[in-house]
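Being a predicted model, the structure only gives us computed values, none of them experimental. Worth knowing before you read on, the calculation uses all heavy atoms, side chains too, and leaves out hydrogens, waters and symmetry mates.
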Amino acid sequence: MTVGLNEERLEALVRRLITSRALLELCLSDVTPEVGTRGTEWSVGDLLVHLSESYYQDMARQFLNEESPQLGGYDPETEWERGMQQALSRVDDALSIARVLTPEEMNRTGQMSGDPLTVLDALELCAAHVEEHVAQLKDEIRPREGLPSV
């Protein structure tokens with residue numbers, strides 16, 4: 001009896017995922033990057049980042065790949081720390097590349113939207129991206145949340 005119920009649950013799950021994916025695609029179909037990144041609280045872009053965090057998929061994969069894994073519960077402090085460390089790690093990654101670049105490596109090129117882009121250009125874009133969001137955090141989000149100026 002359980003096998004039949006689980007098969008029904010699985011079929012229902014697949015239908016839900018198909019329906020949700022189609023609706024998500026429809027909801028995103030007319031959103032431009034400009035609109036998607038507008039705002040400071042739960043923009044479309046924020047939602048996409050949130051959805052791309054594959055916590056539940058990772059959990060399912062862990063169950064498939066390990067014998068009776070022990071999962072910790074959701075701990076907001078741990079997740080917050082993980083998010084902060086990931087963000088800082090991305091900046092550290094760019095910094096570690098920049099610190100060891102040779103003159104030849106700085107000028108290696110690729111294409112971005114049909115235009116040439118050097119390694120140094122890419123790292124400068126990274127720095128500008130971080131600076132933009134640090135300013136957003138410092139000048140918009142912290143004051144809105146009543147946090148002290150930094």
Side-chain angles (χ1 to χ4, degrees), residues 7 9-66 69 71-150:
E7 287 175 354
R9 284 179 61 197
L10 180 58
E11 288 174 14
L13 170 65
V14 168
R15 285 191 305 272
R16 287 174 56 204
L17 289 170
I18 290 170
T19 301
S20 293
R21 189 198 184 286
L23 186 55
L24 178 62
E25 188 173 19
L26 179 63
C27 287
L28 296 172
S29 65
D30 61 348
V31 177
T32 64
E34 179 186 1
V35 171
T37 56
R38 189 180 305 154
T40 57
E41 221 175 316
W42 280 108
S43 68
V44 175
D46 293 335
L47 186 111
L48 290 176
V49 169
H50 180 72
L51 287 174
S52 69
E53 296 169 346
S54 60
Y55 175 76
Y56 295 110
Q57 296 90 321
D58 289 346
M59 186 187 309
R61 282 191 182 91
Q62 190 173 359
F63 291 165
L64 289 170
N65 294 319
E66 297 177 26
L71 303 177
Y74 178 78
D75 178 11
E77 289 181 23
T78 300
E79 289 302 310
W80 179 254
E81 183 65 29
R82 182 183 62 81
M84 286 193 316
Q85 291 307 317
Q86 283 179 334
L88 293 171
S89 176
R90 298 298 290 161
V91 177
D92 290 342
D93 186 37
L95 189 55
S96 71
I97 295 169
R99 283 185 168 149
V100 298
L101 280 179
T102 66
E104 296 81 25
E105 290 171 330
M106 278 184 242
N107 293 313
R108 288 193 59 149
T109 62
Q111 297 286 316
M112 180 176 172
S113 302
D115 295 322
L117 192 72
T118 66
V119 171
L120 190 56
D121 294 333
L123 291 173
E124 287 173 337
L125 287 170
C126 173
H129 186 235
V130 171
E131 290 164 347
E132 175 185 357
H133 290 299
V134 168
Q136 180 184 27
L137 180 59
K138 183 174 92 47
D139 299 335
E140 295 175 35
I141 297 170
R142 290 184 62 84
R144 181 186 72 223
E145 298 300 329
L147 297 168
S149 297
V150 291

>> Minimum heavy-atom separation for Leu137 and Pro143, please, with both atom names.
In response: O-CD, 4.3 Å
> Going by distance alone, is a donor N or O of one side chain under 3.5 Å from an acceptor N or O of the other, for Arg82 and Gln86?
Replying inline: yes
>> For the CZ atom on Arg142, are there more than 12 heavy atoms of other groups (residues, nucleotides or ligands in this structure) within a distance under 6.0 Å?
In response: yes
>> If we count only N and O atoms by modelled type, under 3.5 Å, do the side chains of His133 and Gln136 hold a donor and an acceptor together?
In response: yes
> Are any side-chain N or O atoms of Ser96 and backbone N or O atoms of Asp93, one a donor and one an acceptor, separated by less than 3.5 Å?
Replying inline: yes
> Is it true that atom CD of Gln111 has more than 12 heavy atoms of other residues, nucleotides or ligands lying nearer than 6.0 Å?
Replying inline: yes
> Quick one: NE2 on His129 to CD on Glu132, what's the gap to the nearest 0.5 Å?
Replying inline: 6.0 Å
> Do you know the tightest heavy-atom contact between Val31 and Cys27?
Replying inline: CG2-O, 3.5 Å
> From Arg15 CZ over to Ile18 CD1, what is the distance, rounded to the nearest 0.5 angstrom?
Replying inline: 9.0 Å
>> Distance check, rounded to the nearest 0.5 Å: Arg90 atom CZ versus Asp92 atom CG?
In response: 11.0 Å
> Pick one: which of Thr118, Asp121, Val119 meets side chain to side chain contact (heavy atoms under 4.5 Å, CB included) with Thr109?
Replying inline: Thr118
> Can you tell me how far the CD atom of Glu131 sits from the CD atom of Glu124, to the nearest 0.5 Å?
Replying inline: 10.0 Å
> Can you tell me how far CD1 of Ile97 sits from CG of Leu120, rounded to the nearest 0.5 angstrom?
Replying inline: 12.0 Å
> For Met112, does the CE atom have more than 12 heavy-atom neighbours from other residues, nucleotides or ligands under 6.0 Å away?
Replying inline: no
>> Tell me whether the count of non-hydrogen atoms from other residues, nucleotides or ligands lying under 6.0 Å of CD in Glu66 goes above 12.
In response: yes
> Should Asp58 and Arg61 count as side-chain neighbours, where that means a heavy-atom distance under 4.5 Å?
Replying inline: yes
> Taking Ser20 for the side chain and Leu17 for the main chain, is one N or O donor matched with an acceptor at less than 3.5 Å?
Replying inline: no
> Using 4.0 Å as the upper bound for N to carboxylate O, is an ion pair formed by Arg108 and Glu104?
Replying inline: no
> Atom CE of Met59 and atom CG of Leu71: how far apart are they, to the nearest 0.5 Å?
Replying inline: 5.5 Å
